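Heads up, the thing below is written out as structure tokens.
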Amino acid sequence: GGIDSTWLLGSLIHPSGFGAVVQDTTVWMTDLANPYVWPEENRVALPEAIQAMALLGTSYILFSQQPTGATLVSSQAVYALSGSDPSRMSLSVVSENLYCTNPASVHVYQGALYYASSQGLISIQGLEAQVISSEWLQPGQWSSLLPGMLYGKTSGSTLCFEQSNISYD
């Protein structure tokens, strides 16, 4: 079975020149020498479906599906798929519980990745995730901002988060 293009997420070119897309639980990467070939050996399967992907340095940051209603998926992990050769990428867990509440909130800015989580605004630097909004917002205040409706954007030299009319909660 090859790649089914009926449902693909992302299309990011790695600094080494190969591409990557996500299909449900699988990250497919092109051949290093031929970006139009998607070899089976260049795919990585994750334990749950991926809802968002971003490129941070030489790592693809992958966000698993968030919980829906009272039903939780097996985990809400954030993963890093790192390396410079698509046939030898290394998968690691960045966070097991700081899941992304809205794929539109994922934003790379000045060498770091930011996104909205139910626990607060998250920053990933050096493949370490931390809640950065807790310095100025209590958990109840953060929840009142409806993090599932936040999306990130830049304006000049500023990263900001605004509410959209589409909720992912």
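All figures in this text were calculated on a predicted structure; none of them were measured in a lab. The residues of the chain are indexed from 1 along the displayed sequence. Worth knowing before you read on, the calculation uses all heavy atoms, side chains too, and leaves out hydrogens, waters and symmetry mates.
- By the 30° and 60° cut-offs, the orientation of the rings of Tyr114 relative to Tyr109 is tilted.
- Here the side chains of Met89 and Val27 are not in contact, with every heavy-atom distance at 4.5 Å or above.
- Residues Val106 and Ala52 come closest through the heavy atom pair CG2-CB, 4.3 Å.
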Side chain to side chain contact (heavy atoms under 4.5 Å, CB included) evaluation trace for Asp85 with Phe18
CA-CA 8 Å; Asp85 183 331; Phe18 63 90; 6.0 Å; no

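- Atom CD of Glu128 has 12 or fewer neighbouring heavy atoms from other residues, nucleotides or ligands inside a 6.0 Å radius.
- Under the 4.5 Å side-chain heavy-atom criterion for grouping Ile, Leu, Val, Met, Phe, Trp and Tyr, Met53 is connected to Tyr79 within one hydrophobic cluster.
- Between Ser16 and Leu32 there is a side-chain heavy-atom pair separated by less than 4.5 Å.
- Between the OG1 atom in Thr101 and the CZ atom in Phe63 there is a gap of 10.5 Å [rounded to 0.5 Å].
- Side-chain atoms of Ser144 come within 3.5 Å of backbone N or O of Gln141 as a donor-acceptor pair.
- With values rounded to the nearest 0.5 angstrom, Ser133 atom OG is found 6.5 Å from Ile122 atom CD1.
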Passes side chain to side chain contact (heavy atoms under 4.5 Å, CB included), Leu150 versus Trp142? Steps please.
CA-CA 11 Å; Leu150 295 177; Trp142 174 255; 3.6 Å; yes

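- Ala116 and Pro147 make their closest contact through CB-O, 3.6 Å (heavy atoms, listed as atom of the first residue, atom of the second, distance).
- Contact of the Cys160 side chain with the Lys153 side chain is registered, since non-hydrogen atoms from C-beta on lie closer than 4.5 Å.
- Val93 and Leu91 fall within a single hydrophobic cluster, where Ile, Leu, Val, Met, Phe, Trp and Tyr side chains are chained together by heavy-atom contacts under 4.5 Å.
- To the nearest 0.5 Å, atom CH2 of residue Trp28 and atom CD of residue Glu40 are 4.0 Å apart.
- Across every non-hydrogen atom of Leu56 and Gly111, the tightest pair is CD1-O, 3.6 Å.
- Between Thr26 and Ile50, the closest side-chain pair of non-hydrogen atoms is not below 4.5 Å.
- For the atom pair CG (Leu62) and OG1 (Thr25), the distance works out to 11.5 Å, reported to the nearest 0.5 Å.
- Counting all heavy atoms, side chain and backbone alike, Ala112 lies closest to Gln125 at CB-CG, 3.4 Å.
- Rounding to the nearest 0.5 angstrom, the gap separating the CG atom in Leu127 from the OG atom in Ser82 is 5.0 Å.
- Distance CG/Leu121 to CG/Leu145: 10.0 Å, rounded to 0.5 Å.
- The six-membered or imidazole ring of Tyr151 lies away from that of His107, with a centre-to-centre distance of 6.0 Å or more.
- In this structure, the side chains of Leu55 and Val108 stay at 4.5 Å or more apart for every pair of heavy atoms.
- Smallest separation of non-hydrogen atoms from Thr30 and Pro86: O-CG, 3.3 Å.
- Tracing side-chain contacts under 4.5 Å through hydrophobic residues (I, L, V, M, F, W, Y), one reaches Val22 starting from Leu81; they form part of the same cluster.
- Put simply, the side chain of Val131 reaches to within 4.5 Å of the side chain of Leu98, judged on heavy atoms.
- When all heavy atoms of Ala77 and Glu48 are compared, the closest pair comes out as CB-OE2, 4.1 Å.
- At least one donor-acceptor pair closer than 3.5 Å links the side chain of Gln119 to the backbone N or O of Asn97.
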Test His14 against Leu12 for side chain to side chain contact (heavy atoms under 4.5 Å, CB included), laying out the working first.
CA-CA 6 Å; His14 190 278; Leu12 299 174; over 6 Å; no

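- In this structure the side chain of Leu46 never reaches within 4.5 angstrom of the side chain of Ser64, judged on heavy atoms.
- Within the 4.5 Å cutoff, side-chain heavy atoms of Leu113 are placed close to those of Tyr115.
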Where do Val44 and Met29 land on the side chain to side chain contact (heavy atoms under 4.5 Å, CB included) test, with the steps shown first?
CA-CA 8 Å; Val44 175; Met29 292 166 284; 3.8 Å; yes

